Amino acid sequence: MKCFLLLLFLPLSVICQDGKVVSFILESKALINEGGENPNRKCSVYLPPGYENSDERYPVIYYLHGFTGTDSIYTQMKAVLDAAILKKKIRPYILVISDQNTLFQGSFYSKSSYIGDWDTFTATELVEYMDSHFRTIPDRKSRGIGGHSMGGYGAIKIGMLHPETFSVMYGMSPGLMAFVKEFGPNSRSFKELQEVKTVEELRKTYYPKVLVAVGRAWSPNPNKPPFYCDMPFTYEGDSMIVHEDILEKWHANMPVEMVNEYADNLRKYTAIKLDWGRNDAPRFPQQNMLFSVRLENLGINHYAEEYIGDHVNKIWTMDGRVLNAMLPFFDDYLEF
């Protein structure tokens, strides 16, 4: 009887330790496009334990998935999101992921004249939908943006552009922050892409496929089939040709190159953090250290951390970065 009475007086969130995942389709105006992408995007939302039986409002974490990813909150991810609250890594919160998988497997969270304005979709349309359909705290001080890989890049770039919407950002292993290593001009990647002639061939590659997804986002060319984009570097034999007009478009979307222009926006943030695995592909430590140094040189307060891990082995695991670094960071700096 004593146990029964005790349960009656415990908050529902203590009795019910599991959160809930719900999904919806957001019909986007910003994503109406000529490139064949579906503008109606599925979004998945993690709601904390007790959400349905309370009138409490919660901060929202906008989580951006990586290249080839979707909005799916699969079983292991949900277990991590539940454990964060149960282990008191973070107070109860809402997390949302939108599907930004495109015909070439990634939007790169950018404004494109060909495949749609994924920046506005993420920072405006999705935020407005969440605030009008869920019990959010509708204030920038209670909104965080984070992500991994392509999503880490997106979190930093969209965060850099929208300090009026978000107040805390966290990029895990952000990609394409600058032209270095595997995506540098003298890497094999641009040469390999030039040898690919069909979409079917492209789908069997990795680096060339990423470059095409980026090109369709940053330098689309509707008159250039089959990939409909321009590259900043091409080759005649072993001689590299730099297309400066295209290079300028790519630099305009790379955070290391964007920092000076958007430094004042970054200074408006309550907190900024990025991290990367020491044993990841060589480009990740280099480009993210470059970004951190640029922030430091501009006097922009931030956290930057290298940990022992590769690209995926310490992310959505019980000993990983989401549970033990990203969510606690949001708990420290968002307003609940």
Side-chain angles (χ1 to χ4, degrees), residues 19-48 51-52 57-74 77-78 81 93-140 142-155 157-166 169 199 212-218 220 222 227-229 253:
K20 181 179 180 180
V21 174
V22 298
S23 298
F24 60 87
I25 301 295
L26 180 49
E27 297 179 2
S28 171
K29 293 180 179 178
L31 294 184
I32 295 172
N33 67 92
E34 299 177 357
E37 303 293 348
N38 185 355
N40 302 325
R41 309 306 295 190
K42 184 167 172 282
C43 306
S44 293
V45 182
Y46 171 82
L47 300 172
Y51 177 89
E52 294 177 320
R57 289 187 171 271
Y58 302 91
V60 183
I61 297 167
Y62 290 81
Y63 184 83
L64 311 185
H65 66 73
F67 191 69
T68 77
T70 70
D71 66 294
S72 178
I73 299 177
Y74 53 84
M77 291 174 67
K78 183 178 178 299
L81 298 175
Y93 62 98
I94 294 171
L95 181 140
V96 59
I97 309 177
S98 59
D99 179 10
Q100 304 218 11
N101 193 307
T102 63
L103 295 174
F104 290 85
Q105 298 197 277
S107 71
F108 281 89
Y109 302 98
S110 298
K111 292 178 182 286
S112 170
S113 59
Y114 189 58
I115 64 167
D117 182 352
W118 301 84
D119 174 281
T120 297
F121 167 73
T122 307
T124 302
E125 291 181 330
L126 180 58
V127 171
E128 289 176 353
Y129 187 96
M130 290 297 297
D131 285 346
S132 63
H133 290 77
F134 295 88
R135 290 200 316 279
T136 69
I137 303 174
D139 188 285
R140 66 175 294 273
S142 298
R143 294 192 200 105
I145 187 165
H148 174 247
S149 196
M150 180 185 81
Y153 157 84
K157 180 185 172 185
I158 288 178
M160 192 182 298
L161 296 173
H162 295 282
E164 78 286 354
T165 303
F166 308 101
M169 73 168 78
V199 172
V212 167
V214 173
R216 287 163 64 89
W218 298 353
F227 307 136
Y228 300 99
C229 59
N253 285 280

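All values reported here derive from a predicted model rather than from experimental measurement.
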[X] versus [Y], closest heavy-atom pair with distance:
| X | Y | value |
| --- | --- | --- |
| Met150 | His65 | CE-O, 3.7 Å |
| Ile158 | Ala123 | CG2-CB, 4.0 Å |
| Pro48 | Ile94 | CD-CG1, 4.1 Å |
| Ile137 | Ser142 | CG2-OG, 3.3 Å |
| Ser112 | Ala217 | CB-O, 3.3 Å |
| Ala155 | Ile145 | O-CG2, 3.8 Å |

May I ask you to check whether Tyr129 and His133 place their ring centres under 6.0 Å from each other? yes
Do [X] and [Y] have side chains that approach each other closer than 4.5 Å (heavy atoms only, starting at C-beta)?
| X | Y | value |
| --- | --- | --- |
| Phe134 | Tyr58 | no |
| Glu52 | Leu47 | no |
| Phe166 | Val127 | yes |
| Phe108 | Thr102 | no |
| Trp118 | Asn33 | no |
| Cys43 | Phe24 | yes |

Hey, what do you get for [atom1] ([X]) to [atom2] ([Y]), rounding to the nearest 0.5 Å?
| X | Y | atom1 | atom2 | result |
| --- | --- | --- | --- | --- |
| Leu26 | Leu31 | CG | CG | 8.0 Å |
| Ser98 | Met130 | OG | CE | 10.5 Å |
| Glu164 | Arg140 | CD | CZ | 8.5 Å |
| Ile73 | Ser23 | CD1 | OG | 7.0 Å |
| Asn101 | Phe67 | CG | CZ | 8.0 Å |

Is the NZ atom of Lys20 crowded by more than 12 outside heavy atoms at less than 6.0 Å? no
With no hydrogens and no angle check, is any side-chain donor or acceptor of [X] less than 3.5 Å from a backbone partner on [Y]?
| X | Y | result |
| --- | --- | --- |
| Asn40 | Asn38 | no |
| Lys111 | Thr120 | no |
| Arg41 | Asp99 | yes |
| Ser107 | Tyr109 | yes |

Would you please name every residue forming a salt bridge (Lys or Arg N to Asp or Glu O under 4.0 Å) with Glu37, sequence neighbours left out? Arg216
Results of salt bridge (Lys or Arg N to Asp or Glu O under 4.0 Å) for Asp131 - residues two or more places apart only: Arg143
Can you name the residues that form a ring-ring contact (aromatic ring centres under 6.0 Å, His included) with Tyr46, not counting sequence neighbours? Tyr93
Could you list the residues that satisfy side chain to side chain donor-acceptor pair (under 3.5 Å) with Arg135, not counting sequence neighbours? Ser54
For Ser72, side-chain contact (heavy atoms from CB on, under 4.5 Å) partners two or more places apart: Thr70, Tyr74
Hits for side-chain contact (heavy atoms from CB on, under 4.5 Å) against Thr68, two or more places apart or cross-chain, chain-then-number order -> Gln105
State whether Lys42 and Asp71 are salt-bridged, where the test is any N-O pair (Lys NZ or Arg NE/NH1/NH2 against Asp/Glu carboxylate O) under 4.0 Å. yes
Verify side-chain contact (heavy atoms from CB on, under 4.5 Å) between Asp119 and His162, making sure each step is shown before the conclusion. CA-CA 9 Å; Asp119 174 281; His162 295 282; 2.7 Å; yes
Under the side-chain contact (heavy atoms from CB on, under 4.5 Å) rule, what do Ile97 and Met77 come out as? Steps first, then yes or no, please. CA-CA 12 Å; Ile97 309 177; Met77 291 174 67; 3.6 Å; yes
